[in-house]
Amino acid sequence: MRIAEILRSKGTAVATVPPDTTVRALLTVLADRNIGAVVVSPDGATIEGIVSERDVVRRLAVHGADLLDRPVAEIMTARVRTCGPDDHVSSLRDVMTEHRIRHMPVVSEDRLIGIVSIGDVVKSEITELATEREQLVDYLQGRY
């Protein structure tokens, strides 16, 4: 299965915020949309970074409540790993697991076209395994 199939099923909407957005405003976006990460982008198409709930919590432990009025550019991950729509889900799973990444932006022709979470990857692999199982059962029972 390829990443494009996940995007077809879940959609291509991606929450983005400009780099000067305060951490307080970021938290509102995360809560309102019930998501765990946001792509930091000046224009909604290019990627400057990514910031997650985990980034906020770790920085709050160091900086305290003053962090809430700082820009997300100060806490975002600037070196963002991305994938393409033609990448295989299994290879993405390996990269996400190895590097402990929970959200990966999907890019095509240097433009943001979606985002995939580790949950999306697991769901797609479970669906694929269930389909294979059904096909094997049908084959063994002579219903092919």
Side-chain angles (χ1 to χ4, degrees), residues 1-63 67-68 70-144:
M1 182 179 288
R2 297 188 188 274
I3 301 305
E5 293 175 53
I6 292 177
L7 293 181
R8 268 193 289 283
S9 139
K10 76 172 269 188
T12 58
V14 182
T16 64
V17 295
D20 61 346
T21 302
T22 64
V23 172
R24 184 182 312 274
L26 164 73
L27 291 173
T28 299
V29 171
L30 293 173
D32 287 350
R33 295 186 182 203
N34 195 27
I35 55 176
V38 172
V39 174
V40 180
S41 172
D43 57 9
T46 57
I47 300 172
E48 274 192 26
I50 191 166
V51 64
S52 69
E53 296 166 322
R54 182 181 285 182
D55 295 321
V56 175
V57 169
R58 287 180 177 167
R59 292 341 181 281
L60 272 172
V62 174
H63 300 288
L67 178 73
L68 297 174
R70 294 185 178 180
V72 296
E74 290 184 19
I75 67 167
M76 71 182 186
T77 300
R79 291 184 52 183
V80 181
R81 290 185 182 270
T82 63
C83 62
D86 293 328
D87 291 349
H88 288 273
V89 173
S90 59
S91 63
L92 180 61
R93 178 203 60 225
D94 295 343
V95 169
M96 293 177 92
T97 301
E98 180 181 338
H99 297 283
R100 301 186 62 155
I101 298 169
R102 294 182 179 191
H103 301 87
M104 190 172 295
V106 184
V107 174
S108 179
E109 298 177 10
D110 296 325
R111 300 193 59 80
L112 179 64
I113 64 163
I115 192 163
V116 177
S117 72
I118 191 68
D120 298 327
V121 170
V122 169
K123 180 181 175 184
S124 73
E125 291 200 325
I126 289 171
T127 300
E128 191 171 354
L129 287 170
T131 300
E132 287 177 14
R133 180 188 174 279
E134 288 173 18
Q135 290 172 347
L136 286 171
V137 167
D138 286 348
Y139 176 76
L140 291 173
Q141 293 178 349
R143 294 186 299 215
Y144 52 95

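- Arg2 and Asp86 get closest at one heavy-atom pair: NH1-O, 2.6 Å.
- The shortest distance between side-chain heavy atoms of Ile3 and Met104 does not fall below 4.5 Å.
- Side-chain contact between Arg70 and His63 is present, with at least one heavy-atom pair separated by less than 4.5 Å.
- Summarising the geometry of Leu7 relative to Gly114, their closest heavy-atom pair is CD2-CA, 4.1 Å, with the distance given to 0.1 Å.
- Note that CD of Glu128 is 11.5 Å distant from CD1 of Ile126, once rounded to the nearest 0.5 Å.
- With values rounded to the nearest 0.5 angstrom, Ile6 atom CD1 is found 7.0 Å from Leu92 atom CG.
- A donor and an acceptor atom, one from each side chain of Asp94 and Ser91, are nowhere located under 3.5 Å apart.
- Under a 3.5 Å cut-off, the side chain of Asp87 and the backbone N or O of Gly84 do form a donor-acceptor pair.
- Here Glu74 contributes atom CD and Leu67 contributes atom CG; the two are 8.0 Å apart, rounded to the nearest 0.5 Å.
- With rounding to the nearest 0.5 Å, the separation of NZ in Lys123 from OG in Ser117 is 9.5 Å.
- Between Met1 and Ser124, the shortest heavy-atom distance links the atoms SD-CB, 3.5 Å.
- The environment of CZ in Arg81 is sparse: at most 12 heavy-atom neighbours from other residues, nucleotides or ligands sit within 6.0 Å.
- Using a 4.5 Å heavy-atom cutoff, the side chains of Arg102 and Arg54 are in contact.
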Side-chain atoms of residues 12-41: list all donor-acceptor pairs with protein atoms under 3.5 Å, sequence neighbours left out, distances to 0.1 Å.
from: Thr21; atom 1: OG1; to: Pro18; atom 2: O; distance (Å): 2.8
from: Thr22; atom 1: OG1; to: Ala25; atom 2: N; distance (Å): 3.0
from: Arg24; atom 1: NE; to: Asp69; atom 2: OD1; distance (Å): 3.4
from: Arg24; atom 1: NH2; to: Asp69; atom 2: OD1; distance (Å): 3.2
from: Thr28; atom 1: OG1; to: Arg24; atom 2: O; distance (Å): 3.4
from: Ser41; atom 1: OG; to: Asp43; atom 2: N; distance (Å): 3.3
from: Ser41; atom 1: OG; to: Asp43; atom 2: OD1; distance (Å): 3.1
from: Ser41; atom 1: OG; to: Gly44; atom 2: N; distance (Å): 2.8
from: Ser41; atom 1: OG; to: Ala45; atom 2: N; distance (Å): 3.4
from: Ser41; atom 1: OG; to: Thr46; atom 2: O; distance (Å): 2.5

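- Side-chain atoms of Lys10 and Ile115, non-hydrogen and from C-beta on, do get closer than 4.5 Å to each other.
- Minimum interatomic distance between Val106 and Pro85 (heavy atoms only, all atoms of both residues): CG1-N, 3.8 Å.
- Counting only distance, with no hydrogens or angles, the side chain of Ser52 and the backbone of Asp55 share a donor-acceptor pair below 3.5 Å.
- Note that CZ of Arg93 and NE2 of His88 are 12.5 Å apart. Values are rounded to the nearest 0.5 Å.
- Within the 4.5 Å cutoff, the side chain of Val89 has heavy atoms near those of the Glu125 side chain.
- Rounding to the nearest 0.5 Å places CD1 of Ile118 at 4.5 Å from OG1 of Thr97.
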